[in-house]
Amino acid sequence: MLQRTDAEDTAQQQPPLANVCQQNYGAPQDPVEPAGLRSASHVTGSSLGKAEVFCGSRRRWAELVPESSWSPAVGASKMKVKMLSRNPDNYVRETKLDLQRVPRNYDPTLHPFEVPREYVRALNATKLERVFAKPFLASLDGHRDGVNCLAKHPKNLATVLSGACDGEVRIWNLTQRNCIRTVQAHEGFVRGICTRFCGTSFFTVGDDKTVKQWKMDGPGYGEEEEPLHTILGKTVYTGIDHHWKEAVFATCGQQVDIWDEQRTNPICSMTWGFDSISSVKFNPVETFLLGSCASDRNIVLYDMRQATPLKKVILDMRTNTICWNPMEAFIFTAANEDYNLYTFDMRALDTPVMVHMDHVSAVLDVDYSPTGKEFVSASFDKSIRIFPVDKSRSREVYHTKRMQHVICVKWTSDSKYIMCGSDEMNIRLWKANASEKLGVLTSREKAAKDYNQKLKEKFQHYPHIKRIARHRHLPKSIYSQIQEQRIMKEARRRKEVNRIKHSKPGSVPIVSEKKKHIVAVVK
Amino acid sequence: METAPKPGRDVPPKKDKLQTKRKKPRRYWEEETVPTRDGASAGPPCNKKNRELRPQRRKNAHILKKSRISKKPQVPKKPREWKNPESQRSLSGAQDPFPGPAPVPVELPRSKARTRSRLEVAEAEEEETSIKAARSELLLAEEPGFLEGEDGEDTAKICQADIVEAVDIASAAKHFDLNLRQFGPYRLNYSRTGRHLAFGGRRGHVAALDWVTKKLMCEINVMEAVRDIRFLHSEALLAVAQNRWLHIYDNQGIELHCIRRCDRVTRLEFLPFHFLLATASETGFLTYLDVSVGKIVAALNARAGRLDVMSQNPYNAVIYLGHSNGTVSLWSPAMKEPLAKILCHRGGVRAVAVDSTGTYMATSGLDHQLKIFDLRGTYQPLSTRTLPHGAGHLAFSQRGLLVAGMGDIVNIWAGQDKASPPSLEQPYLTHRLSGPVHGLQFCPFEDVLGVGHSGGITSMLVPGAGEPNFDGLESNPYRSRKQRQEWEVKALLEKVPAELICLDPRALAKVDVISLEQGKKERRERLGYDPEAKAPFQPKPKQKGRSSTASLVKRKRKVMDEEHRDKVRQSLQQQQQQQRHKEVKAKSTLGPDICPWTDLCAEPDSRVAWEPSLPKITCREKSVPWNKEVGHCGPSPTGGGQLAPGV
């Protein structure tokens, strides 16, 4: 049915002026044979398909063109014509082993619907992120009581130390996910644990009023497991932290003591008020600064070089721990009993930089990512949350059915993982970025990941995408508590608005959420 | 006290307690100042000297303060009073490696608001990428085709045979005729890559082939009238509008679906990014069928009788329907009503085509006119031409060439360049076929025009029609099977939802100001106060003794006045702008003679009723009162539009 009547049919009626053309080109040609003419035109036309020839044959268009627009052309004329003529060899691969050739043209008319398509891509990327969000990596079990404290090894990413409520300290290898050493360090709780900055030894404090220094490596064959040093104190120590550069450490209990490693008496001890101090932390940047928090609701800052504390801020409820930002020396975050975390600028303590709310029970521990952009918090509500430093809401919440009250949490030094120790004797290892693919990425994977990340960022505020990205499954207890607290908060707010509305303008001050929880700043 | 203090140490005079209290704490770097001062006069005149020094220092500090913005001095406050070379030497004998006052940058970088700085970074990045994208044009391998006559000679006089004999074999082989006289006028369609051609004859002949290699994929007779034929997203699927229902075949000619909800379909359009097959039917319905899931997305009643003129705008996927009352209506599946209606012709519309950038629309009507409209703003006709018989079929090429089929003649017009509309003065090429034209389409990425007519199919050579450089990830004529499969998966993954079809495809990226304002308002009501309100200025207490209540009030007043002045200034500017706007408007509404587009439009009787699309996808057609002087509305024209001279 399909008959191909090629162009040659028309070419059969050759222009009588073909020989003129050939003479002009000076090519000796048989004027009668049309095939010769065609080949000649190929020669002149080169591979690009460009040709200059004379042509005659003005028969066909004469009937078509309106009479006004044409003048009878007599004789030869010179025309230039170039047709698109691609060489397929430039566009297909030579052998099967080659990569496919993909020529690109970024002309926007060839890529219509740029915005809607990117939107759909962003939507898909967001959905896939939720599909691949499998943050739980491993559970390290072995402790025979609740895990009370965790410490990172400063030099070795794979090593983690943990102290339990029965006085046992374990050292773990994260890559093999097993315990490599067990030490019965104290009688009663291990209250605090910290490593020396060089990573050769670690310190523990316990309920038995002792501070002990241990070697990181286990005892040799036939040796007994014994601490390097033991300091007997008068009171119970509740926390310990080591200086980041010098052989100095600080303990807290009734007072904050600063110790030289070589001495059995503190270099100095500082108090402000009479209450038990729950945690003390050295500033990793300005290494002589310390912060502590006590059960009389205050956070006190110290300078190691001075004998007296610097200043303190009193909050509504007591703070459990603080953590300094490792990148910004003057920023620290406090984990508070009132379910919130407060990020302070130590230069202006009267207003926190940010109040982080999402937990539904007391926040017990907080630790910064080494990038200083995010921190993780552990809470009594059996969940851990990851907050960006500059956002008041968490970006992520981790929980499992079996995880009980989380007592301690640490962000690993490569900023990729999070460890948390909880009441039910397990240490859990999580990915810091829930949907991240572990292992080596190929360059294409990396490019796709970056592209998707950028898309998600670009369209993050679109309602549909935001809804998917924010959605998290929560245990029923947390979910219902959130609802309840939302109602309570709304009621409080409504009451406040009503009070403002019905009292003399200006008599009831509008206190921002940030300032509400600060009682006083004392210098 | 009278003894000269030892160099390098500054002992504050204990006697004068008040003075010491007020004095600033001395820093170690300020030690050098002591010997010079004491060298000049020792002892009690210290006090006097201090007084003498103070204004000097203040002056210095003043200069420093002026030149920088941040209040906290990063530069040590070094009062460099010494001028003589001896004093430049410090006590230890070492020389100051950086003599003279410390250089202060003229303006320290001010810390910006986080959002603003982020926006600025994003803008800079965008600029950079756009420059890079523009630069990547250097890498494009192919050049577009062209056809030039001998200096100023009319290219319309060049016939196909001339072109064929002038070009290389590969290109010459693209010109062919298929003589298929038996099965009546043909409709044809090229696949998106431009590699495959499908055609269907009125008397039921349906075939698909790889037209480059002339390899036949399938050939069947559906034993029913074929109204239109269209490839779906790839060359593997074919939609055929048959007499009764819409059928879908695969490339073997096997019938896959018979879609009975689309009956008596006259025209088909496929929206490749939305996977929508738009069908216009005799019953007056425009139906959108999602071919990826097989659901009918929308069935819109155009309320304009039989629909047989349809075209899509490839830029925004809006369907253009031509009606017998001379209007062209614009449709999206998200709206039950047309997005806009354009009155284009007196008498019915015979053909509509929109170019690939969505800038120009060509229409032809029963009044034998061919018009080109600008779709960007006001939908005004740019040029008009009366054709002897009127054009029954129109099509745009990728590079903006316009083809019109008039009886058995095909005329092609070209513009100055790619972005300009085709000028209707002179045809670029013309060709006569063996039968009346029934379907037209330019082949994508090739300089080829396919014409279906009653005598079969003709593939014409039109140099300069096709886009020379294709994008391998978008539509690749040379793709392998594997590549096609991969592309298909990707394309399906990023299928654009049908609801996003609107006049401005970039509307999704625009800020929804209205709902933003609404949200802010609601928040203000919910909280009982405005959380973003600027706090009233509270002057900070200055030095002791310098902030009396009066001066505080004065400073407060000053700031308030300044703010007030700003407000007044702004409102004045706004008023002026409004006035200017009004003046311009008054000028433009004076009459058609002064109307800025009269030089462009030959016949000012075409008007469009439309409204600029809102940020959300809810733009609605609204009837605008017609200006009786210049235009008219409806199928029965009352006012006569003036034909432009020369048409």
When heavy-atom pairs shorter than 4.5 Å are enumerated against chain A, which of [options] gives the highest number?
{"options": "B/A122, B/A317, B/A133", "answer": "B/A317"}
{"options": "B/Y529, B/F273, B/Y315", "answer": "B/F273"}
{"options": "B/T155, B/I457, B/L461, B/N476", "answer": "B/L461"}

Sidechain-backbone polar pair: [X] side chain, [Y] backbone, donor-acceptor under 3.5 Å:
{"X": "A/K514", "Y": "A/V353", "result": "yes"}
{"X": "B/H274", "Y": "B/E499", "result": "no"}
{"X": "B/R192", "Y": "B/P444", "result": "no"}
{"X": "B/T430", "Y": "B/A156", "result": "no"}
{"X": "B/N469", "Y": "B/A141", "result": "yes"}

Given that the side chain runs from C-beta out, which part of [X] has a heavy atom under 4.5 Å from chain A: side chain, backbone, both or neither?
{"X": "B/E125", "value": "side chain"}
{"X": "B/K174", "value": "side chain"}
{"X": "B/L473", "value": "both"}
{"X": "B/P144", "value": "backbone"}
{"X": "B/E446", "value": "both"}
{"X": "B/E494", "value": "both"}
{"X": "B/P531", "value": "neither"}
{"X": "B/E137", "value": "neither"}
{"X": "B/R526", "value": "both"}

Between [X] and [Y], which heavy-atom pair has the shortest distance, and what is it?
{"X": "B/D154", "Y": "B/Q426", "answer": "OD2-OE1, 3.1 Å"}
{"X": "B/P463", "Y": "B/L429", "answer": "CD-CD1, 4.1 Å"}
{"X": "B/D447", "Y": "B/G466", "answer": "OD1-N, 2.9 Å"}
{"X": "B/E142", "Y": "A/S85", "answer": "OE1-O, 4.3 Å"}
{"X": "B/P505", "Y": "B/N316", "answer": "CD-CB, 3.8 Å"}
{"X": "A/V389", "Y": "A/G372", "answer": "CG2-O, 3.4 Å"}

Residues from residues 491-513 of chain A approaching chain B under 4.5 Å (heavy atoms):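 Residues in range: A/R493, A/V497, A/I510.
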Chain B contact residues among residues 454-468 of chain A, heavy-atom distance under 4.5 Å: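 Residues of residues 454-468 of chain A touching chain B at under 4.5 Å: A/K454, A/Y462.
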Less than 4.5 Å to any heavy atom of chain B: does that hold for the side chain of [X], its backbone, both, or neither?
{"X": "A/E114", "answer": "side chain"}
{"X": "A/V115", "answer": "both"}
{"X": "A/R93", "answer": "neither"}

Partner set under salt bridge (Lys or Arg N to Asp or Glu O under 4.0 Å) for B/K418, not counting sequence neighbours: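 Partners of B/K418 under the salt bridge (Lys or Arg N to Asp or Glu O under 4.0 Å) test: A/D107, B/E467.
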Pairs touching residues 78-105 of chain A that satisfy ring-ring contact (aromatic ring centres under 6.0 Å, His included), sequence neighbours left out: A/Y91-B/F470, A/Y91-B/Y478
